[in-house]
Amino acid sequence: MLTKRLKADVKGKEIAAEILKKGGIVAIPTETVYGLAASAYDENAVKKVFIAKGRPQDNPLIVHIADIADLKTVARDIPESAYVAAQKFWPGPLTMIFKRTDKIPASVSAGLDTVAIRMPSDKTAREIIKKSLPLAAPSANTSGKPSPTSAQYVIDDLDGKIDAVVMSDDCEVGVESTVITLVTNPPRLLRPGAVTLEQLKEIFPDIVVDKAVLEEPTKGERVASPGMKYKHYAPKTETYLVEGDSERFAEFVNSKQNAAAVCFSEEEDKITVPKLCYGSQGDESTLAHSVFSVLRRADNLGVQAIYVHAPSKSGVGLAVYNRLIRAAAFRVIKL
Ligand code: AMP
Ligand code: MG
């Protein structure tokens, strides 16, 4: 299949919407990461998304809408608190899970009776949704690889497997949306993102953090968010997450053979092995913006192991830590 490159202009967005309405699949920019979109009402198109990504059948997709008014078409039993959260965080990187309506085919939700909904803030994404339909869209990467934060990374993974890519700027946030479920009481944080736990507590004071956010699920364990049980975001090179201060981190990586460091900009000068910086320590938004890109680039350094200096777990740092611990297959070294 020839994958069309579409500009993010009026014509490009129209073509993207036409392809989607006809049951095709198109990678679109969002503020979090690029998404691989299909009409959420078209079971056959949704199937193509799973195939192109090599995504496990039991990992549900997020449905993207362009208007709060569309929420009740796709979800039911919506608590008042969801509207409060939507007013505050939509459009933006917050996904909320509800019971699904009959409009949503079972395959979108991987057979669950729930559906995950988000309204993206990226203008191109919203205009394409408005011109087409609600879109089911997971990240536009090959399953298991780091999520794509640029159109080029989408092409690297999916060229020839999807109908088109809308070529836009690099994604602003850089990590996928925060996912919470409102089907349980109390609500649960299933995946941290740019809408932070601290912010969510203002609306959902009793929200709990699902165990899978920071811990490795044990074999056979039933997880609330199916996506959390898979190997994720992983470079091909063996990756380790390292906790400790700058001095110890530098000393540790400098003693390694055939290794590279992913570090903070402040410690760059102390490190003598090949290195990539992903932002300033404590500047969690920049770390989130760069994390998937450094993981992809680290794979091209030709080393045997990648050691990533762990960020703090506060604010957006929790999202970065959550992605890195998976990229490292839960191999954490505490110095
Ligand atoms: P991605 O589409 O790559 O951003 O991944 C979507 C994430 O949301 C995965 O971790 C899914 O497991 C999770 N998710 C989507 N829909 C549901 C749902 N109905 N219930 C629980 N988790 C969900
Ligand atoms: Mg994904």
Side-chain angles (χ1 to χ4, degrees), residues 25 27-38 40 46 49-50 52-65 71 74-78 82 92-101 103-120 122 125 134-149 153-154 157-158 171 173-184 187-195 210-213 217 221-234 288 291-292 295-296 319 322-323 325-327:
I25 56 175
I28 61 168
T30 84
E31 72 279 19
T32 57
V33 301
Y34 273 74
L36 179 57
V46 167
V49 167
F50 279 91
K53 280 181 60 78
R55 185 171 174 104
Q57 291 289 334
D58 66 348
N59 192 4
L61 310 182
I62 294 172
V63 173
H64 294 67
I65 57 175
L71 182 56
V74 287
R76 60 188 170 83
D77 302 345
I78 303 164
L94 175 66
T95 296
M96 294 189 273
I97 295 172
F98 308 96
K99 293 279 182 196
R100 75 179 150 88
T101 65
K103 282 287 256 183
I104 298 294
S107 56
V108 169
S109 294
L112 300 171
D113 62 352
T114 53
V115 63
I117 314 285
R118 170 167 117 79
M119 180 156 91
D122 184 279
L135 299 176
S139 48
N141 53 316
T142 299
S143 246
K145 287 197 34 172
S147 298
T149 50
Y153 293 147
V154 176
D157 278 17
L158 300 177
C171 304
V173 174
V175 291
E176 308 88 336
S177 59
T178 304
V179 178
I180 62 171
T181 178
L182 301 181
V183 173
T184 57
R188 302 182 86 79
L189 173 70
L190 301 183
R191 177 174 74 183
V195 171
D210 197 83
K211 203 167 134 242
V213 168
E221 186 181 350
R222 213 178 149 270
V223 289
S225 179
M228 285 292 157
K229 73 183 177 200
Y230 293 109
K231 186 173 174 210
H232 245 116
Y233 319 123
V291 66
F292 285 131
L295 289 177
R296 280 181 180 254
N322 167 273
R323 304 316 188 268
I325 202 171
R326 285 175 166 74

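Just follow the structure's listing: the first ligand is 1, and inside any ligand the first atom is 1. In what follows, every heavy atom counts, from backbone to side chain, and hydrogens, waters and symmetry copies are set aside.
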What are the distances between nitrogen or oxygen atoms of ligand 1 and protein nitrogen or oxygen atoms, counting only those under 3.5 Å?
unit_1	atom_1	unit_2	atom_2	d
ligand 1	3 (O)	R55	NH1	3.4
ligand 1	3 (O)	S139	N	3.4
ligand 1	3 (O)	S139	OG	3.2
ligand 1	4 (O)	R191	NH1	3.0
ligand 1	4 (O)	R191	NH2	3.3
ligand 1	5 (O)	R55	NH2	3.4
ligand 1	5 (O)	R191	NH1	3.4
ligand 1	10 (O)	S225	OG	3.3
ligand 1	12 (O)	N59	OD1	2.9
ligand 1	12 (O)	S225	OG	3.1
ligand 1	12 (O)	G227	N	2.7
ligand 1	19 (N)	T114	OG1	2.9

Stepwise side-chain contact (heavy atoms from CB on, under 4.5 Å) check, K211 with R188: CA-CA 10 Å; K211 203 167 134 242; R188 302 182 86 79; 5.8 Å; no
Option passing side chain to side chain contact (heavy atoms under 4.5 Å, CB included) with I97 (candidates L182, L190, I180): L190
Polar protein atoms near the Mg ion (ligand 2) [N, O or S; cut-off under 2.8 Å]: S139 OG
Heavy-atom side-chain proximity of L61 to R55 below 4.5 angstrom: yes
pair V175-V33: side-chain heavy atoms closer than 4.5 Å: no
Intermediate values then yes/no, ring-ring contact (aromatic ring centres under 6.0 Å, His included), F292 and Y233: CA-CA 8 Å; F292 285 131; Y233 319 123; 5.2 Å; yes
Donor-acceptor pair between E176 and S147 side chains, under 3.5 angstrom: yes
Donor + acceptor pair across side chains of T95, S177 (<3.5 Å): yes
Pair K99 + D77: basic N to acidic O under 4.0 Å: no
Salt bridge flag under 4.0 Å for residues D157 and R296: yes
